[in-house]
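First up is the structure itself, then whatever we jot down about it.
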Amino acid sequence: MILNNQIFAAPMAGISDLPFRTVIRDFAPNVPVVTEMISCHSIVAGHKNCLRNFENYGAQGNVGTQIFGAVPDLMADAARILADAGASWIDINMGCPVPKVATRAGAGAYLMRDHALAGRIIGAVVRAVKIPVSVKTRLGWDDDNMDWADLVHVAADNGASWVTLHGRTRAAGYAGAAVHPKIENMPIPIIANGDIKSRTDVENMLAAGYSGAMIGRAMLGRPWIFGEILDDACAPTNIGRVASRHLDLMIEYYGARTAVPMFRKHLAWYSAGRPNSAEFRIKINGMMDADEIRNEILQFWGCA
Ligand SMILES: Cc1cc2nc3c(=O)[nH]c(=O)nc-3n(C[C@H](O)[C@H](O)[C@H](O)COP(=O)(O)O)c2cc1C
């Protein structure tokens with residue numbers, strides 16, 4: 001049997017916002033979900049859009065918030081703000097390969113190259129909050145530097161509670177199949193991430209020594225996947241109703257002008273692979289009115 005705390009919804013920039021997390025919750029009320037990564041600078045400076053991202057964590061159940069940055073004191077301050085806002089745990093991004101984060105900012109995946117700084121950041125965040133602190137990282141910088149196990153020890157020595165391991169290097173980005181090394185003699189639990197798409201995949205990770213699995217792209221257009229993994233009976237009877245609820249939640253959160261263009265990518269994922277989905281997407285892409293889009297959704301899935 002797979003338990004709630006063995007499957008996590010991945011942090012995904014531009015995706016894991018409050019509306020998306022709410023749709024996941026409709027099908028799996030207790031699985032841990034993680035916010036999109038937030039810069040420690042933005043949190044501490046109190047940027048308006050950033051602050052909105054972490055309102056009301058307390059009311060959202062088990063929500064981890066992911067932060068990125070390269071300055072230990074600022075990371076600690078950001079973590080304190082998020083803990084006060086009700087986050088269940090703080091996740092530190094040590095895997096993002098985007099140049100803006102990983103090279104210029106010296107954060108994200110860059111920290112795989114500087115374990116001393118990684119340790120100082122983890123230690124500062126752990127000392128700043130009473131909630132658990134985790135680290136999300138990759139196998140290593142590139143094929144010649146697959147030193148994830150060393151970073152796990154650094155994380156453990158500095159008080160992190162677990163590490164999520166994306167089974168690719170920074171150099172691989174998101175390409176190629178993820179590789180999941182067997183987990184043996186690690187000082188803290190390791191959560192597997194990368195290409196996990198089904199209950200069997202989760203079971204295989206548990207058998208390989210992981211304490212759980214985190215699902216990223218397989219939840220796009222399929223936010224009920226967590227419910228299905230916990231309980232087969234959980235699949236929705238009509239995807240159109242899920243999509244239109246998702247649209248409504250986004251409108252409530254962002255307002256229609258912002259929500260409609262942002263929602264199009266979700267609709268492309270919800271409709272992918274269905275008959276006439278290309279025509280459907282073209283039609284929706286030409287629409288700005290939320291009521292019109294909602295009607296099209298309900299018609300496309302035959303629930304008008
Ligand atoms: C569009 C997109 C946005 C992402 N944003 C984040 C992020 O904010 N923080 C993070 O740690 N990883 C981020 N990731 C990486 C995912 O969390 C995950 O590690 C990766 O997609 C591999 O898992 P998967 O094969 O299940 O998708 C992102 C990935 C994608 C494709």
Side-chain angles (χ1 to χ4, degrees), residues 6-18 20-21 24 31-40 42-43 49-50 53-54 63-70 75 78 82 87 89-102 105 107-112 118 121-122 125 133-140 148 151 155 160 162-180 190-202 204-205 210 212-223 225-226 228-229 262-266 268-269 272:
Q6 291 176 317
I7 40 171
F8 291 64
M12 292 184 86
I15 293 157
S16 313
D17 54 11
L18 177 63
F20 189 66
R21 299 196 302 267
I24 289 175
V31 292
V33 296
V34 189
T35 64
E36 315 170 72
M37 63 181 178
I38 316 173
S39 143
C40 65
S42 308
I43 295 167
N49 284 342
C50 171
N53 229 321
F54 57 86
V63 181
T65 64
Q66 192 188 61
I67 52 175
F68 74 95
M75 289 289 274
L82 294 169
W89 85 95
I90 305 288
D91 187 61
I92 305 178
N93 183 314
M94 296 199 179
C96 179
V98 174
K100 197 173 77 177
V101 173
Y110 173 83
L111 293 166
M112 297 190 291
I121 290 173
I122 297 164
V125 172
V133 174
S134 60
V135 170
K136 181 164 177 284
T137 189
R138 291 176 174 246
L139 296 177
W148 60 273
L151 189 53
W162 72 89
V163 168
T164 303
L165 184 62
H166 176 188
R168 293 187 178 85
T169 62
R170 191 268 340 169
Y174 297 100
V179 174
H180 302 287
I190 311 292
I191 305 298
N193 169 240
D195 298 344
I196 315 263
K197 300 186 179 104
S198 65
R199 179 184 299 175
T200 308
D201 291 344
V202 177
N204 288 343
M205 294 302 114
Y210 291 87
M214 176 180 274
I215 298 175
R217 286 164 296 180
M219 69 181 170
L220 305 180
R222 210 178 146 206
I225 185 171
F226 304 94
E228 272 180 339
I229 288 173
M262 282 177 83
F263 181 67
R264 292 196 179 116
K265 60 180 184 286
H266 288 288
W269 290 319

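First listed ligand is number 1; within each ligand, the first listed atom is number 1. These numbers were taken from a predicted model, which means no experiment stands behind them.
- What sits closest to atom 28 (C) of ligand 1 on the protein, heavy atoms only, is Y174 OH, 3.5 Å.
- Below 3.5 Å of separation, one finds an N or O of Q66 facing an N or O of ligand 1.
- Here CG of L82 is found 4.0 Å from CD1 of I43. Values are rounded to the nearest 0.5 Å.
- By the 3.5 Å distance cut-off applied to N or O atoms, P11 is counted among the residues near ligand 1.
- Contact annotation: for K136 versus ligand 1, heavy atoms closer than 4.0 Å belong to the side chain alone.
- In this structure, NE2 on H166 lies 8.0 Å from CG on L139, to the nearest 0.5 angstrom.
- Shown in contact with N93 at under 4.0 Å from a heavy atom are these atoms of ligand 1, numbered in order with element: 9 (N), 10 (C), 11 (O).
- Ligand 1 has no N or O atom lying under 3.5 Å from any N or O atom of A218, backbone or side chain.
- Between atom OH of residue Y110 and atom CG of residue N93 there is a gap of 15.0 Å, rounded to the nearest 0.5 Å.
- The closest approach between a heavy atom of G95 and any atom of ligand 1 is not below 4.0 Å.
- Relative to the six-membered ring of Y174, R138 meets both conditions, a distance below 6.0 Å and an angle of at most 45° to the axis.
- The protein atom (non-hydrogen) at minimum distance from atom 26 (O) of ligand 1 is G216 N, 2.9 Å.
- Taken from NZ in K136 to CG in L165, the straight-line distance is 10.0 Å, to the nearest 0.5 Å.
- Regarding atom 2 (C) of ligand 1, its nearest protein heavy-atom neighbour is M12 CE, 3.8 Å.
- For atom 1 (C) of ligand 1, the nearest protein heavy atom (residue, atom name, distance) is I15 CD1, 4.0 Å.
- No side-chain donor-acceptor contact under 3.5 Å links T137 and W148.
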Check step by step if side chain to side chain contact (heavy atoms under 4.5 Å, CB included) holds for R21 and T35. CA-CA 8 Å; R21 299 196 302 267; T35 64; 3.6 Å; yes

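- Considering both main-chain and side-chain atoms, I215 never comes within under 3.5 Å of ligand 1 through any nitrogen or oxygen pair.
- Taking every non-hydrogen atom of A13 and a distance limit under 4.0 Å, the qualifying atoms of ligand 1 come out as 3 (C), 4 (C), 5 (N), 6 (C), 7 (C), 8 (O).
- Within the 4.5 Å cutoff, the side chain of K265 has heavy atoms near those of the I15 side chain.
- With a 6.0 Å radius and a threshold of 12 heavy atoms from other residues, nucleotides or ligands, K100 has its NZ atom at or below the threshold.
- The protein non-hydrogen atom at the shortest distance from atom 19 (O) of ligand 1 is N193 OD1, 2.5 Å.
- A distance of 13.5 Å separates CD1 of I190 from CE of M205, quoted to the nearest 0.5 Å.
- Checked by distance only, ligand 1 and A10 stay at 3.5 Å or farther apart across all their nitrogen or oxygen atoms.
- Near D195, the atoms of ligand 1 lying under 4.0 angstrom from a non-hydrogen atom of the residue are 24 (P), 25 (O), 26 (O).
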